[in-house]
Amino acid sequence: MHLNEEQTHRLVDGELDVEMHAAVREHLLECETCRRQFAAAESDANEVNALLRHVDHPQPDVTAGRIARAARAPKWRANHWAAGIVGALGLAGVAYAAVVIPASTVARWVDTVAGWFGDEGHQGAGATRELSEPGDRGTTGVAILPGQSFVIRFTSPVVQGEALVSLTDHPELEVRTRQGMATFSSDVDRLDVQAAPNARFEILIPREAPYVQILTGSARIFLKDGTRLVPDTTARADGSYRFFLGPRAPE
């Protein structure tokens, strides 16, 4: 049996108990694959620790192994902790990369750590994450960071379908199902939604998004162009808009 990732990082960080440490060290004497894995993990840990030593405040109690293990924790906890680590690495790169650490090393570590935690601050337009709330009637959906121009397109009219659209101060654009089933397909500048009959959606559009339009089939039902809104219905009392997603009557 080879060492798994957690065992390797715990060995690097000196976190194995005496019995396990002896067994792992004995295995390394016989297994070249695990020796290479251990050497790579140790090298990575040394790079992280070298970066953290150059931050202009006391080095945080963190190791490469702990970062990797934390990435497997629930995302709502991991994101906030990761942001501090990424910030520390970024600060070290700005202040010292030119004289101490190659810039490529700094960039690689910042991107890697941000990728482990899905840190939104290091994602560009089109970065997408899934939304799932099993306890809320099976709510599903996606959240996307929109770019300069973004289109939400219901690929065909939805029989008895509805959408409730609101503006939000959050940077992500969200499309959630509140009733029925849907599948989502995204790209950097669009989100295609294929919905079942009677599906209902909640759509949250960032106020800071420059240009967002919502189409059902080929018909546009909503446009946000800067601060200008062009809906095909009047706003409700709370400022949201409710749209019917079904087939349009001939004009």
* Ring centres of Phe150 and Tyr211 under 6.0 Å apart? -> no
* Structure fact -> dist Phe244:CZ -> Gln160:CD (nearest 0.5 Å) comes out at 5.5 Å
* Quick one: are Phe201 and Leu245 in side-chain contact, heavy atoms under 4.5 Å? -> yes
* **ILVMFWY cluster, Leu167 and Ile152 together (side-chain gap under 4.5 Å)** => yes
* **side chain to side chain contact (heavy atoms under 4.5 Å, CB included) assessment of Val193 paired with Arg153** => CA-CA 6 Å; Val193 183; Arg153 184 170 68 96; over 6 Å; no
* To do: Considering non-hydrogen atoms only, spot the tightest contact between Ala182 and Thr177 and give its length.
  => CB-CG2, 3.8 Å
* Asked: Step by step, would you call His21 with Leu11 a side chain to side chain contact (heavy atoms under 4.5 Å, CB included)?
  -> CA-CA 7 Å; His21 184 275; Leu11 177 61; 3.6 Å; yes
* Structure fact -> In short, Ala209 meets Pro146 closest at the heavy-atom pair CB-CG, 4.1 Å
* Ile203 vs Ile214, side chain to side chain contact (heavy atoms under 4.5 Å, CB included): CA-CA, chis, key distance, verdict -> CA-CA 10 Å; Ile203 302 175; Ile214 303 175; 4.0 Å; yes
* **Distance in Å, Ser240 OG paired with Glu202 CD, rounded so as to fall on 0.5 Å steps** => 9.0 Å
* Evaluate the ring planes of Phe222 and Tyr241, with Trp represented by its six-membered ring, and classify them as parallel (under 30°), tilted (30 to 60°) or perpendicular (over 60°). => tilted
* To do: Could you tell me whether the side chain of Asn4 and the main chain of Glu6 form a donor-acceptor pair under 3.5 Å?
  => yes
* Asked: Between Val12 and Leu16, is there a shared hydrophobic cluster once you connect ILVMFWY residues whose side-chain heavy atoms come closer than 4.5 Å?
  -> yes
* Asked: Are Leu229 and Phe243 connected in the hydrophobic side-chain network, where two residues link if heavy atoms are under 4.5 Å apart?
  -> yes
* Glu30 side chain to His27 main-chain N or O, any donor-acceptor pair under 3.5 Å? -> no
* Considering all heavy atoms of both residues, which atom of Thr168 and which atom of Glu172 are nearest to each other, and what is their separation? -> CG2-O, 4.3 Å
* **Lys224 side chain vs Arg207 backbone, donor-acceptor pair below 3.5 Å** => yes
* Take Leu215 and Val151 through the side chain to side chain contact (heavy atoms under 4.5 Å, CB included) test and state the conclusion after the steps. => CA-CA 7 Å; Leu215 308 179; Val151 177; 3.9 Å; yes
* To do: Taking the side chain as every heavy atom from C-beta outward, state whether Pro171 and Glu208 have any atom pair closer than 4.5 Å.
  => no
* Any donor and acceptor pair, going by atom type alone, linking the side chain of Thr8 with main-chain N or O of Phe38 inside 3.5 Å? -> no
* **Flag side-chain contact, heavy atom, 4.5 Å: Ile144 against Ser186** => yes
* When rounded to the nearest 0.5 angstrom, what is the spacing between CG in Asp225 and OG1 in Thr227? -> 8.5 Å
* To do: Looking only at non-hydrogen atoms, find the nearest pair between Val158 and Asn198 and report the distance.
  => CG1-N, 4.4 Å
* **Euclidean distance, Leu29 CG relative to Glu32 CD, rounded to 0.5 Å** => 13.0 Å
* Asked: For Gln7 and His2, which heavy atoms make the closest approach, and how far apart are they?
  -> OE1-O, 4.3 Å
* If you look at every heavy atom in Pro206 and Leu204, which pair is closest and at what distance? -> CD-O, 4.0 Å
* Are Phe184 and Val212 in one and the same hydrophobic cluster, where Ile, Leu, Val, Met, Phe, Trp and Tyr link if side-chain heavy atoms are under 4.5 Å apart? -> yes
* **Gap separating the CD1 atom of Ile221 from the CD atom of Gln213, nearest 0.5 angstrom** => 10.5 Å
* **Value rounded to 0.5 Å, distance of CZ in Arg25 from CG in Leu28** => 6.0 Å
* Applying the 4.5 Å side-chain criterion to the ILVMFWY set and letting contacts propagate, would Leu173 and Val142 be lumped into a single cluster? -> yes
* To do: Would you check if the side chain of Asp187 reaches a backbone N or O of Arg190 as a donor-acceptor pair within less than 3.5 Å?
  => no
* Asked: Donor-acceptor pair, Arg242 side chain versus Glu162 backbone, under 3.5 Å?
  -> no
